[in-house]
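Throughout, residue positions are numbered sequentially from 1 according to the sequence presented. Atom set for the values below is all heavy atoms of this structure, side chains included, hydrogens, waters and symmetry mates excluded.
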Amino acid sequence: MDVFLWQGDDKMKKSHKSIQLTKIYIIILAVGFVALLFLAPVASFWYCDMTGKGDLAAKVLMSVFYICSPAAAVVIVSALKMLNNMMNGEFFTEINTRHLSRMSLSCIFVAPVCIVGCFWFYGFMPIAVSAIFMFLILRIIKNVFEYGCEIKEENDLMV
């Protein structure tokens, strides 16, 4: 019996470390995102000068970035909140389901903006396709979490 408890405890420690590592990655991403919020004008004009694109292209690049920024912020904040909940042992909860829903809606918001940006930069197309793909994946995970919440409620009622 002690062996099983020890193995379960070991799995929990690995899971906890994995959640912490993911949190660190998201924080690094958030720091880079905040830096880009300040550096986007300089970076876009520099990039467009280097590639021979005009000022209009730089303005489009900045516009798409700043229009998509709130969606990126929602994803970062929701992911961090969800990871905090998971570190506290709260997995299949309505709050986590809402976080997944917010993240998926943020992804689908980005797609049409990037598709419009494709008229100036073809590089926006992979971003648009990736955003749609992430929307679908997050919707599937959200549905799994909703089903998990239902099962958890049923189990809580039976006990």
task = List for me each residue that meets side-chain hydrogen bond (donor to acceptor under 3.5 Å, both in side chains) alongside Asn143, sequence neighbours excluded, and say none if there are none.
result = none
task = With sequence neighbours excluded, tell me which residues meet side-chain hydrogen bond (donor to acceptor under 3.5 Å, both in side chains) with Lys23.
result = Asn84
task = Name all residues meeting the side-chain contact (heavy atoms from CB on, under 4.5 Å) criterion together with Met86; count only those two or more places apart in sequence or in a different chain, and write none if there are none.
result = Ile19, Met82, Leu83, Phe91, Asn96
Results of side-chain contact (heavy atoms from CB on, under 4.5 Å) for Ala72 - residues two or more places apart only = Phe33
query = So, Ser18 side chain and Lys14 main chain: donor-acceptor pair closer than 3.5 Å or not?
reply = no
ask   = Counting only heavy atoms not in Tyr66, do more than 12 fall under 6.0 Å of its OH?
value = yes
Atom [atom1] in [X], atom [atom2] in [Y]: separation rounded to 0.5 Å?
X      : Y      : atom1 : atom2 : result
Ile137 : Ser104 : CD1   : OG    : 11.5 Å
Leu61  : Thr51  : CG    : OG1   : 9.0 Å
Cys149 : Glu154 : SG    : CD    : 11.5 Å

Transitively linked via ILVMFWY side-chain contacts under 4.5 Å: [X] with [Y]?
X      : Y      : value
Leu138 : Leu29  : yes
Leu100 : Phe109 : no
Val113 : Phe119 : yes
Phe92  : Met87  : yes
Ile127 : Leu105 : no

query = Do Phe124 and Val116 have side chains that get closer than 4.5 Å, going by heavy atoms?
reply = no
request  = State, yes or no, whether a side-chain contact exists between Cys48 and Phe121 at a heavy-atom distance under 4.5 Å.
outcome  = yes
task = Taking ring pair (Phe, Tyr, Trp, His ring centres under 6.0 Å) as the test, write out the residues that go with Phe65, two or more places apart.
result = none
With Tyr147 via ring pair (Phe, Tyr, Trp, His ring centres under 6.0 Å) - residues at least two apart = none
query = If you look at every heavy atom in Ala111 and Ala128, which pair is closest and at what distance?
reply = O-CB, 3.7 Å
inquiry  = With side chain to side chain contact (heavy atoms under 4.5 Å, CB included) as the test, pick out the partner of Val75 among Arg102, Met103, Met134.
reply    = Met103
Tell me, which pairs form a salt bridge (Lys or Arg N to Asp or Glu O under 4.0 Å) where one or both residues lie in [range], sequence neighbours left out?
range            : answer
residues 126-152 : Lys142-Glu146
residues 49-58   : none
residues 90-99   : Glu94-Arg98

Mind checking who shares a hydrophobic cluster with [X], ILVMFWY linked at side-chain heavy-atom distances under 4.5 Å?
X      : answer
Tyr25  : Leu21
Ile24  : Ile28
Val129 : Met125

